[in-house]
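Quick note: numbers below take in every heavy atom, side chains included, and nothing from hydrogens, waters or symmetry partners.
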Amino acid sequence: MSTYCVIGAGAAGLSALDVLTQRGFDVDCYEKSDRVGGHWNTDYDALHLITSRNQTIFEDFPMPGDYPHFPRRDQIRDYIASFAKARGHDKRIMFNTEVLSVTPVKTDGPVGSAGWNVTTSKGAGIYDGVLIAPGHLWHPKIPSVSGTFAGKQIHSSAYKNVGDIQGTRVLVVGAGNSGCDLAVDVAQHRLEADVLIRHGAYFQPKMYFGRPRAELDFMAEFSPSEQDLIARLLARVSIGQNTDYPGLPVPQHRALADGPAVVNDLLLYWIHHGRVGVIGQGIERFDGHTVHFSDGSSKDYDTILWATGFHSSLPFLDDALVPRRKGNPLRYAAGIIPQGLEKLYYIGMTAPRGPQIPVYGVQAKIVARMISMHENARDGDAGIAAYLRRLQEADDRIDIPRDIWNDQITDTGRLLDAFAATAPADPAKLAK
């Protein structure tokens, strides 16, 4: 019987483990830490979901009814742990086990078609397929700046709360959802924050008409492009435009789907209250506590909070195996299959806008289908990666509009249907 490997026991890894075990596959799951939940165990204290409680769930496992619309970090941590316990996955996972390397079994066929060698801190094994699910939020990205900063520097992944901050003057670099959260956290504790925003983004409130923005029933009556327009119009009525906030850059893209969008209106609140200032220039250099900006201006800070994102790297997988573009791995099948590799699957390397936990379950079900197709093939290799590469465009995006990702999922299902209808199979295996 073939055995499969799941790497990581965060929400993505648990989704993969759940789908595969429900379908009767033999699975080993390795988790580097001593608990499930991934980054939800270590994220900053001020973190809340930006998508609603009722939508950000594992399939058939709702969050507790007493949770708020947008639960706190610790509530999501507990929810994920409760899912693992209820499904018995906490007994299946090998905790405190770091995956050190994943290498293809040598073969004359396509890379990965003979399976994968997985070496961990506690041993090694050969697997017929590997599901990589540690996510993309673990390898901090910090820009290189000339000079030396004499204050304290913290990446968002290491920040817990304002107790980590040195002094009272704080520069937050980056204005995605995390950067906005950190600037708001600083402001709400009566410290002085500047947030560096070089490119304009559309800001979206979490609520309209007292309800989570994604739970407005009437929006389902409109196409994705119409929903995009309505969301921008509602935001204009609710919070105004970027030009209404001193220094806030104006988006250069027309629609939400065409560029960055941020679900946060508290940053705008604190800009108007004078606790958050906006720096619209890049950093040129450091000189002690002084930060020099690209327009020739400068300002002194005690702490810099870097909210500059993450690299999409995997320490256990040789970079030479996976072609990249813009720093991200090229993938097919809605972000699941890395280019050129058979029987290796990403769960959670793509982040379609909206609730993330359901994404992992959808991806895991597609992987389970691919695994079955491989198992039923005459030589144990259906050549799915090669097949999809001929018919789909490679995608390098991590952040991707939800409707585009949904279209990729639909297209992948259609292609797998066509493949299954024509691919030769082993009659003896199908008879089992």
Side-chain angles (χ1 to χ4, degrees), residues 1-6 12-13 15-27 59 104 107 109-116 127-133 322-323 329-352 356-397 400-432:
M1 181 178 181
S2 298
T3 304
Y4 300 91
C5 174
V6 171
S15 294
L17 182 59
D18 191 61
V19 168
L20 293 191
T21 53
Q22 283 189 19
R23 284 157 175 73
F25 294 108
D26 188 19
V27 186
E59 188 174 20
T107 176
V111 178
S113 60
W116 293 85
Y127 294 91
D128 203 49
V130 177
L131 288 73
I132 297 176
V322 184
L330 290 171
R331 288 147 292 144
Y332 300 92
I336 296 171
I337 295 182
Q339 181 173 295
L341 301 180
E342 297 287 352
K343 300 184 179 181
L344 192 75
Y345 314 95
Y346 289 136
I347 305 295
M349 185 61 79
T350 297
Q356 292 301 293
I357 291 179
V359 167
Y360 311 142
V362 171
Q363 290 182 322
K365 288 179 180 178
I366 291 176
V367 171
R369 184 178 182 190
M370 293 176 178
I371 287 173
S372 294
M373 294 170 71
H374 280 300
E375 289 192 349
N376 291 329
R378 288 178 179 174
D379 58 358
D381 171 32
I384 296 171
Y387 167 72
L388 292 177
R389 183 175 181 175
R390 293 194 300 270
L391 298 171
Q392 290 184 329
E393 292 291 328
D395 202 326
D396 58 45
R397 287 173 288 186
I400 184 171
R402 192 70 164 223
D403 61 303
I404 295 177
W405 183 78
N406 286 336
D407 288 343
Q408 292 178 346
I409 288 291
T410 300
D411 182 64
T412 299
R414 177 185 63 80
L415 292 175
L416 292 179
D417 286 343
F419 186 82
T422 57
D426 186 335
K429 293 180 179 180
L430 292 175
K432 290 182 179 180

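- Shown here for Val19 and Gly361, the closest heavy-atom pair between the two residues is CG2-O, 4.2 Å.
- With hydrogens and angles disregarded, no donor-acceptor distance shorter than 3.5 Å links the side chain of Trp405 to the backbone of Ile400.
- The CZ atom of Arg397 sits 9.5 Å away from atom OG1 of Thr350, with the distance rounded to the nearest 0.5 Å.
- When atom types are taken as modelled, the side chain of Gln356 and the backbone of Pro352 share a donor-acceptor pair closer than 3.5 angstrom.
- Under a 3.5 Å cut-off, the side chain of Lys343 and the backbone N or O of Ser113 do form a donor-acceptor pair.
- The CD atom of Glu375 sits 14.5 Å away from the CE atom of Met370 when rounded to the nearest 0.5 Å.
- In this structure, the side chain of Glu342 engages the main chain of Ile384 through a donor-acceptor pair within 3.5 Å.
- The shortest non-hydrogen separation linking Val130 to Trp116 is CG2-CB, 3.6 Å.
- Distance OG/Ser15 to CD1/Ile357: 7.0 Å, rounded to 0.5 Å.
- Nearest heavy-atom pair, Tyr332 versus Leu388, reported as atom, atom and distance to 0.1 Å: CD2-O, 4.1 Å.
- With values rounded to the nearest 0.5 angstrom, Ile409 atom CD1 is found 5.0 Å from Ile336 atom CD1.
- A salt bridge links Asp417 and Arg369; the closest N-O separation between the charged side-chain nitrogens and carboxylate oxygens is under 4.0 Å.
- The closest side-chain heavy-atom distance from Ile132 to Tyr345 is not below 4.5 Å.
- Considering NZ of Lys365 and CG of Leu20, their distance stands at 12.5 Å, rounded to 0.5 Å.
- Considering CG of Asp407 and CG of Asp411, their distance stands at 8.5 Å, rounded to 0.5 Å.
- At distances below 3.5 Å, at least one donor-acceptor pair connects side-chain atoms of Asn376 with backbone N or O atoms of Ser372.
- Between the side chains of Gln392 and Thr412, a donor-acceptor pair is found at a separation under 3.5 Å.
- Ring geometry, Tyr387 versus Phe419: the interplanar angle falls from 30° to 60°, so the pair is classed tilted.
- Within the 3.5 Å criterion, the main-chain N or O of Val322 finds no donor-acceptor partner in the side chain of Gln339.
- Contact record, Phe25 with Ala368: CZ-O, 3.9 Å, taken as the closest heavy-atom pair.
- Across all non-hydrogen atoms, the minimal contact from Pro338 to Leu344 is CD-O, 3.2 Å.
- Under the rule for a salt bridge (charged side-chain N to carboxylate O under 4.0 Å, His left out), Asp381 has no partner lying at least two apart in sequence or in another chain.
- Take Asp403 and apply the salt bridge (charged side-chain N to carboxylate O under 4.0 Å, His left out) test, not counting sequence neighbours, and it matches no residue.
- Minimum heavy-atom separation, Arg331 to Met349: NH1-O, 3.5 Å.
- The closest side-chain heavy-atom distance from Ile347 to Val359 is not below 4.5 Å.
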